[in-house]
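Note sheet for the following structure.
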Amino acid sequence: MCARYVFFSGKAFSDQFGGLAIPDLGPRYNIAPTQPVVAVASGPEAKVLQWGLVPSWAKDPSIGARMINARAETVAEKPSFRTAFKRRRCLLPADGFYEWVGEKGHKQPFFLQVEPTPFAFAGLWEIWEGPDGYLETCTIITTEANDAVRPIHDRMPVVIDQVDYGQWLDTAARPESLMPLLAPAAPDRVKMWPVGKAVGNPRIEGPELIEAIA
DNA sequence: CCAGACGTTGTT
DNA sequence: GTCTGG
DNA sequence: CCAGACGTTGTT
DNA sequence: GTCTGG
């Protein structure tokens, strides 16, 4: 899964979009569900979205906290995601993410990167209309882990390559043509190392969170 | 027909 | 133990 | 994912 | 909003 990630700066990512202005929320070393995140939607258009997709039909937006990931294998069919998969795909820029290994009480966090950085997660976004206005939210698509990640986890976030940004954000793209983009990244692009347990607390933030430990 | 679900992950 | 919030 | 709450009434 | 279960 992908439930915590890192995004240092919009500058390098902006260059990948020919200078598109990216909102500055960072640098962030511990982005957690329900928090605001940077995304690029079709256009391309940069947006700030709340992490945790709230379907348009939801009665209560609290469901978003449990919709932080969508499975690539079923995203085109699931009622919560299929509308966004057809019409509201996005890219979520990132410099890395975290996974935890081991049993509760003894979990060891790892920091993982997919080179070259920054990279972009495949995401979906949605609009929810509540009594106090509109809420725009998003989710990160996951797929099976590649050989590099599998030793620590069986799922990983989908990374869209720069060459495929246009296709992923093309509102006219046929859903079938998008499925090949939802494959795991090549194993040799993944770098990972163990980090301190402080990252577990979503209120702790800072570059020391991604420093390798012995 | 209406009522109720609609999700992922990890763990057991 | 389980659910909610970040 | 982990951290933190998990409840009501009355009073200040 | 749409689908499934009763």
Side-chain angles (χ1 to χ4, degrees), chain A residues 1-7 25-39 48-89 92 94-113 121-130 134-146 149-158 175 182 184 192-206 208-210 213:
Chain A
M1 113 184 275
C2 180
R4 242 29 112 67
Y5 75 97
V6 165
F7 181 44
L25 303 182
R28 294 297 314 281
Y29 293 85
N30 199 0
I31 300 170
T34 73
Q35 294 180 352
V37 298
V38 172
V48 175
L49 305 169
Q50 181 177 300
W51 186 12
L53 189 144
V54 179
S56 61
W57 41 260
K59 292 182 183 67
D60 188 298
S62 62
I63 189 177
R66 295 183 296 285
M67 304 289 235
I68 63 172
N69 294 134
R71 293 175 63 87
E73 297 91 332
T74 55
V75 71
E77 289 85 34
K78 291 290 184 180
S80 294
F81 302 126
R82 60 188 173 198
T83 309
F85 183 68
K86 279 184 209 156
R87 306 207 297 266
R88 282 180 297 278
R89 294 179 298 277
L92 297 140
D95 287 279
F97 58 100
Y98 300 98
E99 298 288 0
W100 280 257
V101 182
E103 295 178 5
K104 196 163 70 176
H106 309 275
K107 289 200 175 183
Q108 173 61 56
F110 281 74
F111 180 63
L112 299 90
Q113 292 187 308
F121 294 133
L124 307 174
W125 66 284
E126 190 53 271
I127 307 171
W128 181 79
E129 185 180 1
Y134 293 93
L135 179 65
E136 295 188 334
T137 60
C138 63
T139 192
I140 294 171
I141 300 178
T142 65
T143 187
E144 60 182 344
N146 64 26
V149 176
R150 192 168 299 111
I152 68 167
H153 214 73
D154 63 348
R155 307 287 301 175
M156 66 184 290
V158 171
L182 303 183
M192 67 174 94
W193 55 86
V195 296
K197 294 186 177 174
V199 67
N201 188 335
R203 293 185 297 196
I204 296 179
E205 177 66 77
E208 64 276 13
L209 293 179
I210 65 167
I213 61 168

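Throughout, a chain's letter reflects where its sequence line sits, starting with A, and its residues are numbered from 1. Everything quoted here is computed from the prediction, not taken from an experiment.
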Look at all strands and tell whether Thr83(A) reaches a base, only sugar-phosphate, or nothing, counting heavy atoms closer than 4.0 Å.
nothing
Whole-Å distance between dC3(E) P and Arg82(A) CZ?
5 Å
To the nearest 0.5 Å, how far apart are CG in Asn30(A) and OH in Tyr5(A)?
12.0 Å
Any idea which of dT4(C), dG1(E), dC1(D) is nearest the Arg66(A) side chain?
dT4(C)
Could you give the distance from CD (Glu144(A)) to CG (Asp154(A)), rounded to the nearest 0.5 Å?
9.5 Å
Using a 4.0 Å heavy-atom cut-off across all strands, classify Arg4(A) as base, sugar-phosphate, or nothing.
base
After noting the C-alpha distance and the side-chain angles of Leu182(A) and Thr143(A), does the key distance pass the side-chain contact (heavy atoms from CB on, under 4.5 Å) rule?
CA-CA 7 Å; Leu182(A) 303 183; Thr143(A) 187; 5.7 Å; no
Could you walk me through whether Lys78(A) and Phe85(A) satisfy the side-chain contact (heavy atoms from CB on, under 4.5 Å) test, starting with their C-alpha distance in whole Å, then the side-chain angles of each, then the deciding distance to 0.1 Å, before giving a yes or no?
CA-CA 10 Å; Lys78(A) 291 290 184 180; Phe85(A) 183 68; over 6 Å; no
Are the side chain of Arg28(A) and the backbone of Phe7(A) linked by a donor-acceptor contact shorter than 3.5 Å?
no
Testing the basics here: between Ala39(A) and Leu49(A), what is the closest heavy-atom pair and its distance to 0.1 Å?
CB-CD1, 3.5 Å
Taking any heavy-atom pair under 4.0 Å as a contact, classify Asp154(A): base, sugar-phosphate, or nothing.
sugar-phosphate
C1' gap between dA5(B) and dG5(C), integer Å
23 Å
To the nearest angstrom, how far is Trp51(A) atom CH2 from dT8(B) atom P?
15 Å
With a 4.5 Å heavy-atom cut-off, do Leu53(A) and Phe81(A) have their side chains touching?
yes
Looking at the side chain of Ser80(A), which of dG7(B), dG6(C), dT9(B) is the nearest nucleotide?
dG7(B)
Taking CD from Glu205(A) and P from dC2(D), how many angstroms apart are they, rounded to a whole number?
18 Å
Rounded to whole Å, CH2 of Trp128(A) lies from C1' of dG1(E) at a distance of 15 Å
Looking only at side-chain N and O atoms, does Thr74(A) come under 4.0 Å of OP1 or OP2 in dT8(B)?
yes
Would you indicate what Pro33(A) reaches in the nucleic acid, counting non-hydrogen atoms under 4.0 angstrom: base, sugar-phosphate, or nothing?
base
Mind telling me whether Phe121(A) and Phe97(A) have parallel, tilted or perpendicular rings, with 30° and 60° as the class edges?
perpendicular
With the stacking rule set at 5.5 Å and 30°, tell me whether Tyr98(A) counts as stacking on dC1(D).
no
Would you sketch DNA chain E in dot-bracket for me? Only Watson-Crick or G-U wobble pairs with both distances under 3.5 Å count, crossing pairs as [ ], other-strand pairs as |, the rest as dots.
||||||
Rounded to the Å, how far apart are Glu77(A) CD and dT4(E) P?
12 Å
Could you check Arg155(A) against Lys59(A) and say which one's nearest nucleotide on DNA chain B is further toward the 5' end?
Lys59(A)
Take atom C1' in dT11(B) and the same atom in dC1(D), then report the distance between them in whole Å.
14 Å
Quick check on side-chain contact (heavy atoms from CB on, under 4.5 Å): which of Ile140(A), Asn69(A), Leu112(A) does Pro157(A) satisfy it with?
Ile140(A)
When the P atoms of dG6(C) and dG4(B) are compared, how many Å lie between them, rounded to an integer?
29 Å
Interatomic distance, Asn69(A) CG vs dG7(B) C1' [rounded to whole Å]
10 Å
Checking all strands, does Thr139(A) fall into the base, sugar-phosphate, or nothing category for heavy-atom contacts under 4.0 angstrom?
nothing
What nucleotide, of dT11(B), dG7(B), dT9(B), holds the atom closest to the side chain of Thr142(A)?
dT9(B)
Looking at Lys107(A), does any N or O in its side chain come under 4.0 Å of the phosphate oxygens OP1/OP2 on dT11(B)?
yes
Would you mind reading off the distance between Lys78(A) atom NZ and dT9(B) atom P, rounded to a whole angstrom?
11 Å
Considering every strand and a 4.0 Å limit on heavy-atom distances, what is the contact class for Trp100(A): base, sugar-phosphate, or nothing?
sugar-phosphate
In whole Å, what separates the C1' atom of dT9(B) from that of dC2(D)?
13 Å
With a 4.0 Å cutoff (strictly under), does any side-chain N or O of Arg71(A) reach OP1 or OP2 of dG7(B)?
no
What integer number of Å spans the P atoms of dT8(D) and dG1(C)?
23 Å
Out of dT9(B), dC6(B), dG6(C), which nucleotide sits closest to the side chain of Thr34(A)?
dG6(C)
Tell me what Gly52(A) touches on the nucleic acid: a base, only sugar-phosphate, or nothing, going by heavy atoms under 4.0 Å.
nothing
Spacing between Ile31(A) atom CD1 and dC2(D) atom P, to the nearest angstrom
18 Å
